[in-house]
Amino acid sequence: MFVRTENFRTFTKLYPIITTIVAIHLVLWLIVQFSEYFLHLTVGYNLLVFQGEYWRLFTPIFLHESITHLLFNSLSLVLFGPGLERMLGKVKFISIYLLGGIAANIATLFLAPVYYSHLGASGAIFALFGIYFYMVFFRPDMLNTANSQIVLVILAISLVMTFFTGNVNIYAHLFGFLAGTIMAPIFLGKGTYTRSLSQIFPNMRRSPSTASKGQSIFWIVLIVLVALGALSRFM
């Protein structure tokens, strides 16, 4: 579920929403590098939101300042988003992503100082973590034991990085996660989940050697994410 074995063409076909979001990340990051005015117009800034510029609750979800920030959030989305996009469908997935990001920015608006500015997709990504968290404890029929353990490891690492990495919007992380957890029962529904992961991800039917290679790649990518998160503190 968290192991990516698709080539680029297959990935874009199976996960169009995630592909589009990552493309938007890249395009807007390039624009920000060449247009300081665009950044000033779209960055989250509490004072200006209070003055009526409400689009700033939405636009920061897709903005990134440094290349490490861009890579960290985009790789996180590519690694942890596909399972939910296929499980929930395009409409529910993008709804959770955007609502989680907006909820995180609203929390930042009321809890952070009035002159606080911010940008990044972390709040929306933490909403996805909230969905997984809900699955682990309240919908175990949707995740097997191995994937549940991975989710808990990811959450532990994410929380540690939230509180011990500099330049982090702690409000966005915590309230994005909370929003995802609250929205989970609404979007996941009730009852027993009967569709197996092998039906959702046909490429899971692999030989043991291929599966082991895929798992190794997953942990390598996870280590890279942690390194990028730590590096962004100094960039």
Side-chain angles (χ1 to χ4, degrees), residues 4 8-9 11-82 84-85 90-91 93-109 112 115-129 158 161-162 165-173 175-177 179-180 221 224-225 227-229 231-235:
R4 304 271 58 85
F8 179 79
R9 183 176 180 181
F11 186 94
T12 57
K13 181 179 179 181
L14 291 175
Y15 316 112
I17 300 300
I18 291 172
T19 301
T20 301
I21 293 173
V22 172
I24 293 173
H25 285 179
L26 179 58
V27 170
L28 293 187
W29 179 77
L30 290 172
I31 293 175
V32 165
Q33 305 313 302
F34 294 100
S35 175
E36 190 173 342
Y37 173 75
F38 178 81
L39 178 62
H40 289 166
L41 184 66
T42 55
V43 71
Y45 188 42
N46 286 349
L47 177 63
L48 294 180
V49 176
F50 279 123
Q51 291 178 353
E53 297 186 7
Y54 300 114
W55 65 83
R56 295 178 186 273
L57 296 174
F58 173 79
T59 51
I61 299 173
F62 301 97
L63 298 175
H64 298 88
E65 185 174 12
S66 66
I67 187 64
T68 53
H69 191 202
L70 169 73
L71 290 175
F72 180 83
N73 281 338
S74 296
L75 283 175
S76 296
L77 183 59
V78 167
L79 197 60
F80 307 121
L84 288 178
E85 182 170 345
K90 300 180 185 65
V91 175
F93 179 81
I94 191 61
S95 297
I96 288 174
Y97 189 82
L98 295 179
L99 289 173
I102 292 171
N105 291 337
I106 290 175
T108 302
L109 176 67
Y115 294 107
Y116 187 81
S117 62
H118 59 95
L119 73 174
S122 300
I125 292 172
F126 265 79
L128 304 184
F129 290 161
S158 300
M161 293 182 66
T162 293
T165 302
N167 300 321
V168 168
N169 183 350
I170 296 177
Y171 309 108
H173 285 201
F175 282 88
F177 176 78
V221 173
V224 170
L225 283 175
L228 285 173
L231 214 86
S232 64
R233 178 176 184 175
F234 307 101
M235 297 292 286

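These figures come from a predicted structure and were not determined experimentally.
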Do the non-hydrogen side-chain atoms of [X] and [Y] ever get within less than 4.5 Å of each other?
X    : Y    : result
H173 : F177 : no
T20  : I24  : yes
L128 : F80  : no
L63  : W29  : no
Y171 : L109 : no
F62  : V27  : no
F175 : N105 : no
L39  : L119 : yes

Write down the atom of [X], the atom of [Y], and the distance for their closest heavy-atom approach.
X    : Y    : value
A172 : A104 : O-CB, 3.4 Å
G120 : H69  : CA-CE1, 3.7 Å
P82  : L77  : CD-O, 3.5 Å
A179 : A103 : CB-CB, 3.8 Å

*Apply side chain to side chain donor-acceptor pair (under 3.5 Å) to S117 and list each qualifying residue two or more places apart in sequence or on a separate chain.*
none
*For T19, what residues pass the side chain to side chain donor-acceptor pair (under 3.5 Å) criterion, not counting sequence neighbours?*
none
_So does V32 get a backbone contact from the side chain of S35, meaning a donor-acceptor N/O pair under 3.5 Å?_
no
*Please check if the side chain of E85 supplies one atom and the backbone of I18 the other of a donor-acceptor pair under 3.5 Å.*
yes
*V49 and Y54: CA distance, side-chain angles, deciding distance, side-chain contact (heavy atoms from CB on, under 4.5 Å) verdict*: CA-CA 5 Å; V49 176; Y54 300 114; 4.1 Å; yes
Measure the spacing between [atom1] of [X] and [atom2] of [Y] and express it to the nearest 0.5 Å.
X   : Y    : atom1 : atom2 : value
I94 : L99  : CD1   : CG    : 9.5 Å
Q33 : L70  : CD    : CG    : 9.0 Å
L75 : L79  : CG    : CG    : 8.0 Å
L98 : L57  : CG    : CG    : 12.5 Å
I21 : I125 : CD1   : CD1   : 9.0 Å

_The criterion is side-chain contact (heavy atoms from CB on, under 4.5 Å); which residues satisfy it with E53, sequence neighbours excluded?_
L48, W55, R56
*Steps toward side-chain contact (heavy atoms from CB on, under 4.5 Å) verdict (V78, Y15)*: CA-CA 9 Å; V78 167; Y15 316 112; over 6 Å; no
*F129 ring center within less than 6.0 Å of F126 ring center*: yes
*Without hydrogens or angle criteria, can the side chains of N73 and H25 be said to hold a donor-acceptor pair below 3.5 Å?*
no
*Is it true that the side chains of T108 and H118 contain a donor and an acceptor less than 3.5 Å apart?*
no
*Would N169 and Y116 satisfy side-chain contact (heavy atoms from CB on, under 4.5 Å), going step by step from the backbone distance to the final call?*
CA-CA 10 Å; N169 183 350; Y116 187 81; 3.6 Å; yes
